[in-house]
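Throughout, a chain's letter reflects where its sequence line sits, starting with A, and its residues are numbered from 1.
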Amino acid sequence: MSDKKNVLKIKNLVKSFGDVKALDNINLEINEGEWVAIMGPSGSGKTTLINILSLMDDISEGEFTLAGDDASSLSEEEKVVFRREKIGLIFQQFHLIPYLSAVENVMLAQYYHSVTDEEEAKKVLTKVGLGHRLEHLPSQLSGGEQQRVCIARALINEPEVLLADEPTGNLDEENEKIVLSIFKDLHKEGKTIILITHNPELGKHADKVLMLKHGKVDKG
Amino acid sequence: MFFRILKQSFFQGKKQKFLAILTILLSSSLITALLNTSIDIGDKMTAELKAYGANINVIPKSETLSLEIGGVDYNPLKGQIYLKEKDLFKVKDIFWRNNIVGFSPFLKKDVMFDNNSNQKVTIVGTYFDKNSPIPDEKDYRTGVIRLNSYWNVEGKWPKDDSNNALVGINLAQKLGIKIGDTIKLKHNNTKAQFKVSGILNSGEDKDDQIIASLGPVQKLLNLEGKLNLITVSALSVPEDDLSRKSRRNPDALDSLEYDSWYCTAYVSSIAYQIEENVPNAAVKPIWQVAAGEGAIIKKIQLLMMVVTIAALFASAMGISSLMSTTIMKRSKEIGLIKALGASSNEVYLLFLSEAIIIGIVGGLLGYVLGCFLSQLISYSIFSSFVSIKLVVLPVILSISVFISLLGSIIPSRMITKLLPIEVLYGRK
């Protein structure tokens with residue numbers, strides 16, 4: 001048995017929309033520092049699972065423990081607090097605030113977490129290779145740069161888990177490589193990463209791969 | 001950081017912001033105009049109503065003694081005790097001196113025509129437009145020309161201290177008196193002649209009398225320096241509960257009420273002060289005029305309040321619709337902020353702060369436009385400008401912010417219902 005701390009555990013998880021089971025009997029354990037890839041074709045339930053893991057959606061049945069707490073029993077307000085304290089979110093569509101600069105977008109996450117520190121925000125942006133684009137608006141950045149701002153925003157509060165939903169889905173090959181190298185570096189630093197991807201290249205680097213098909217774990 | 005976000009976010013959706021500010025601007029300008037006019041309307045209306053005559057009568061105290069038996073007046077002093085002309089200035093030497101628009105002294109008595117008819121006629125001596133020095137204003141002029149602007153004179157007004165006179169229209173018709181005629185009058189053994197300079201149409205009992213300058217009339221009546229009536233026109237505030245209470249029984253006022261009443265320009269407190277100041281005077285407000293003023297002003301103010309409330313609700317509805325559009329347009333941003341860990345209250349704060357800024361900007365601009373509008377309204381109705389009240393500004397700003405917040409409350413509730421998953425992924 002690993003001596004690493006368990007960060008996330010789901011047991012017999014079911015998520016239903018009416019009569020349709022989007023996720024059926026999913027089991028998963030993730031320890032600190034692990035890189036887990038959740039893969040599968042479109043409609044397999046990947047995004048539904050990451051919505052549950054990011055506390056933006058509820059489970060229908062089963063158990064879900066996050067950082068030692070029973071996440072399924074948290075109230076809406078507790079989920080908000082939990083999300084800002086423990087989870088860093090990276091979106092396929094980046095979801096940056098269009099009227100805030102790169103550094104302000106990162107500071108926004110600081111602001112809703114605790115206090116803002118512009119120097120710290122600049123440092124994280126520099127770490128993802130955007131030291132020269134700090135004051136640019138999202139519209140002045142390329143897709144790869146916007147995704148790196150999104151990664152910096154997810155990292156700024158040093159969350160226990162990084163949840164990335166198709167982080168390279170909207171990027172060209174060159175930017176995909178840059179983002180992959182950032183994830184590799186983060187993994188080396190000991191960050192826990194849960195990543196949804198179609199991309200086999202990204203899945204190749206994961207410690208663990210959960211393959212989904214029609215809402216179930218594909219063991220084949 | 002909050003102000004940084006607020007500053008950047010405020011300039012998003014410029015069209016909606018512009019329309020929201022415009023909505024607040026229009027309603028606050030209307031409310032400013034109504035408030036400015038409404039505050040001044042009491043003074044304006046009172047000044048307008050002053051054109052219809054005096055609102056206070058000063059008579060000798062003896063006239064108020066009542067000794068009537070079987071319909072016959074046995075007051076032994078009736079008609080014998082007079083006010084003194086030298087005390088006239090004291091009418092305008094009270095705490096509310098600046099509210100005294102003017103006064104007219106009168107000396108009225110029946111005399112006989114100096115001919116074979118032995119016909120009785122009432123002669124009235126008064127000031128037409130005479131210099132009547134008062135302590136602060138040596139060249140102060142007053143008289144019936146200024147006070148009774150509703151008197152219609154065919155011909156010329158007589159000059160003060162001349163032997164010219166006006167003849168009431170009824171009397172002139174009855175006796176066939178024309179402009180330029182000479183009227184001979186006698187009282188006891190004194191005789192006087194007056195030349196008719198004009199025919200008076202007043203709609204009052206003066207239409208049956210002869211109106212002449214006070215000095216010659218006093219001389220004819222052998223009552224030099226004496227008066228039996230002073231009419232006073234005073235600018236007063238509309239009657240309210242306190243003044244009505246004092247009218248019923250002045251002694252029922254406690255000291256605080258008394259101070260408040262004494263230091264407010266009610267017609268009753270002005271009358272009270274004149275009575276204190278003029279020797280041997282009994283001062284009677286003409287209540288019909290005072291009460292009429294109060295009722296008219298109250299109704300106009302009520303009408304203005306109804307319009308103000310309607311404007312307030314209309315603009316709140318406008319803001320509500322604009323805010324709903326803004327929130328729908330920015331739902332992704334709201335979802336993201338919530339996904340990053342913002343509570344609904346923190347998102348509220350952002351939108352309500354924007355609403356407050358809209359309220360302040362719209363309110364300030366509305367105040368400026370409203371001041372301009374109130375001048376237009378006042379000039380077109382009263383032919384004079386209203387004074388700009390700075391005290392209206394904080395009131396307007398508060399109302400504008402209130403309208404803006406009121407209009408934002410219902411749409412803001414949509415924020416609570418917006419779930420990050422719905423707006424970020426477009427589904428639940």
B:Lys338 bridged to A:Glu76 by N-O distance under 4.0 Å: no

When A:Ile97, A:Ile87, A:Thr116 are compared by non-hydrogen pairs under 4.5 Å with chain B, the top option: A:Ile97

Is it true that atom NE2 of A:His214 has more than 12 heavy atoms of other residues, nucleotides or ligands lying nearer than 6.0 Å? no

Crowding at NZ, B:Lys245 (>12 non-hydrogen neighbours, <6.0 Å): yes

Choice from A:Glu104, A:Gln92, A:Met107 maximising heavy atom contacts with chain B below 4.5 Å: A:Glu104

Taking salt bridge (charged side-chain N to carboxylate O under 4.0 Å, His left out) as the cut-off, I'd like each qualifying pair that reaches into residues 145-158 of chain A, sequence neighbours left out, listed once. A:Arg133-A:Glu145

For a 4.5 angstrom cut-off between non-hydrogen side-chain atoms, does A:Leu108 reach B:Leu340? yes

Only counting residues at least two apart or in another chain, list the ones meeting salt bridge (charged side-chain N to carboxylate O under 4.0 Å, His left out) with B:Arg330. B:Glu333, B:Glu354

Around B:Lys17, counting heavy atoms of other residues, nucleotides and ligands shown, do more than 12 lie under 6.0 Å from its NZ? yes

Looking only at heavy atoms, what is the nearest atom pair of A:Glu77 and B:Ser343, with distance? OE1-CB, 3.8 Å

Measure distances from A:Asp165 to the heavy atoms of chain B and classify the residue's part below 4.5 Å as side chain, backbone, both or neither. side chain

Closest heavy-atom pair, A:Arg83 versus B:Ala339, reported as atoms and distance to 0.1 Å, is NE-O, 3.1 Å

Any side-chain heavy atom of A:Phe91 sitting closer than 4.5 Å to one from B:Leu336? yes

Surrounding CG of B:Leu376 (heavy atoms of other residues, nucleotides or ligands, distance under 6.0 Å), is the total greater than 12? yes

A:His95 portion near chain B, given a 4.5 angstrom heavy-atom threshold: both

Has A:Lys79 got more than 12 heavy atoms of other residues, nucleotides or ligands less than 6.0 Å from its NZ? yes

